[in-house]
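Along the sequence shown, residues are numbered consecutively beginning with 1. The figures that follow rest on heavy atoms only: side chains count, while hydrogens, waters and symmetry mates do not.
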Amino acid sequence: MRVLVTGITGFAGSHLTELLLAEDGVEVIGLGRQARWPNGLEGLGRQVQLVACDMADAATIQALIRSVEPVCIYHLAGYPHSGRSVREIEAAWTGNLVATRNLYEAVVQWGGNPRILYVGSGLIYGDPESTDQAFDERSPLKPTTPYSASKAAADLASYQYTRSPGLTIIRARPFNHIGPRQSAEFAVAHFARQIAAIERGAQPPWLETGNLTPRRDLTDVRDVTRAYALLMVKGRAPEAYNIGSGTTWSMQEVVDRLISLSAVRVEVRQRPDLVRATETAQVRADSSKLRLETGWTPTVSLDQSLADTLDYWRSVP
């Protein structure tokens, strides 16, 4: 079975690839901005054909889809930075909506009908109406940033393409996911990298943070990508499925647990420039639909995910 993974060199893309390669008879072809694997993942190059592709270039993606003729497409590529998107509006809309439409039009022009998993974001729901609200798939979309707005638009476009011209697209809406190999531009990896640097003596013994009171629904990336694989087989087009643990933790709890995994003494210091002007107090996913239809349940505990993340940053020079 020939499987195409867009955004294959990214955080979730590399974990999904490892999962797919463990299955017999799966040929994985990946798209990345550059035909180069990140440090530590070069071994995947012996098993995966990696193709450089700018998905904003419609002609390039059309030619590639015709040559690959995939049976399944995992569409993970996109602009990833919610906070930065307010300063990079065009990049967010191009990376999330334009690239997604180009992919679907390429499939239409080719004439095949692969199963497609569109990977969106739980941030499309915006702010909850109450602190105890859990978003389900029927919750209204109220995006608050160019990132989440462009993700919401691509989500809706995915639904439209199932109606006309009739592509087979399942929509995944993952909430916050963490784990080894995540960029330090994201909070949990940012904390872990600093602790690892303190252990090596490469940073003074204080941890710089933003606001630690928000509570987030955190799921390990390996559980999230397992949900992607299950949805590819068991998901119903054009349905949408939330992916999340259903449990929230404050960033303060995350920092405390990470520090407890280290033998060094660490002082936590809040940096004003890391505090966002507006911050949602709590975000929680209702993933009962995913659980019911696929049998998915998280298997990696928060403590294990944090330990693996810290170990990863200890191994990075």
Side-chain angles (χ1 to χ4, degrees), residues 2-21 27-68 70 72-107 109-110 114 116-121 123 145-151 153-155 157-158 172 174 177 179-186 189-190 221 224-225 228 312 316:
R2 184 170 292 178
V3 176
L4 180 68
V5 179
T6 74
I8 195 169
T9 58
F11 172 47
S14 63
H15 284 281
L16 174 63
T17 300
E18 291 171 336
L19 181 64
L20 295 174
L21 291 173
E27 177 188 359
V28 179
I29 299 169
L31 304 187
R33 291 186 180 277
Q34 298 177 329
R36 183 174 69 249
W37 293 100
N39 291 338
L41 292 176
E42 296 86 354
L44 290 177
R46 294 189 290 271
Q47 304 175 75
V48 176
Q49 180 185 346
L50 177 59
V51 180
C53 179
D54 179 359
M55 295 190 66
D57 185 333
T60 298
I61 192 67
Q62 285 181 18
L64 192 142
I65 291 295
R66 287 196 189 97
S67 67
V68 173
C72 300
I73 300 174
Y74 290 90
H75 180 38
L76 279 66
Y79 178 92
H81 305 291
S82 179
R84 276 172 38 190
S85 69
V86 297
R87 303 187 305 275
E88 301 175 352
I89 297 172
E90 290 301 322
W93 281 95
T94 299
N96 290 335
L97 179 59
V98 174
T100 299
R101 288 191 61 250
N102 284 347
L103 174 65
Y104 296 160
E105 285 296 327
V107 172
Q109 294 299 318
W110 162 44
I116 302 171
L117 184 76
Y118 166 73
V119 175
S121 170
L123 290 178
T145 65
Y147 167 83
S148 55
S150 57
K151 280 290 191 181
D155 188 296
S158 299
H177 41 296
R181 302 202 295 263
Q182 187 173 31
S183 166
E185 293 182 320
F186 297 88
H190 176 64
V221 65
V224 171
T225 53
Y228 295 165
Y312 166 74
V316 174

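- Looking at every heavy atom in both residues, V48 comes nearest to G30 through CG1-N, 4.0 Å.
- For CZ of R36, the number of neighbouring non-hydrogen atoms (other residues, nucleotides, ligands) closer than 6.0 Å is 12 at most.
- By the 6.0 Å contact criterion, CZ on R2 is enclosed, its count of non-hydrogen atoms from other residues, nucleotides or ligands being greater than 12.
- Closest non-hydrogen pair, L50 versus A35, comes out as CD2-C, 3.5 Å.
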side-chain contact (heavy atoms from CB on, under 4.5 Å) between Y79 and T94, intermediate numbers included: CA-CA 8 Å; Y79 178 92; T94 299; over 6 Å; no
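- Put simply, the side chain of N102 gets close to the backbone of A56: a donor and an acceptor are under 3.5 Å apart.
- The aromatic rings of Y104 and H75 sit perpendicular to each other, their planes meeting at more than 60°, with 30° as the lower class boundary.
- Considering only heavy atoms from C-beta on, H15 comes within 4.5 Å of P180 through its side chain.
- Aromatic ring pairs are classed by plane angle as parallel below 30°, tilted from 30° to 60° and perpendicular above 60°; the pair H81 and F186 is parallel.
- Heavy-atom neighbours of R84 CZ from other residues, nucleotides or ligands within 6.0 Å: above the threshold of 12.
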Residues L76, L16; criterion side-chain contact (heavy atoms from CB on, under 4.5 Å); working and verdict: CA-CA 10 Å; L76 279 66; L16 174 63; 4.0 Å; yes
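- The salt bridge (charged side-chain N to carboxylate O under 4.0 Å, His left out) check on E18 picks up R181, with sequence neighbours excluded.
- From T9, atom OG1 reaches atom CD of Q34 across 8.5 Å, with rounding to the nearest 0.5 Å.
- Expressed to the nearest 0.5 Å, how far CG of L103 lies from CD of Q62 amounts to 10.5 Å.
- No side-chain donor-acceptor contact under 3.5 Å links K151 to the backbone of P80.
- Shortest non-hydrogen contact noted between S150 and A92 is OG-O, 3.5 Å.
- Across all non-hydrogen atoms, the minimal contact from S82 to S85 is O-OG, 2.7 Å.
- V86 and P146 make their closest contact through CG1-CD, 3.8 Å (heavy atoms, listed as atom of the first residue, atom of the second, distance).
- Residues Y118 and D155 are in side-chain contact: their nearest non-hydrogen atoms beyond the backbone lie under 4.5 Å apart.
- Looking only at side-chain heavy atoms (C-beta outward), L44 and L21 come within less than 4.5 Å of each other.
- Of the residues V5, L64, T60, I8, the one that meets the side-chain contact (heavy atoms from CB on, under 4.5 Å) test with L31 is L64.
- The CZ atom of R66 sits 11.0 Å away from the CD1 atom of I61 when rounded to the nearest 0.5 Å.
- The two residues Y228 and P174 have their closest heavy-atom pair at OH-CG, 3.4 Å.
- Annotation: the span from T6 atom OG1 to I29 atom CD1 amounts to 13.0 Å, rounded to 0.5 Å.
- Note that the CD atom of E42 and the CH2 atom of W37 stand 10.0 Å from one another [nearest 0.5 Å].
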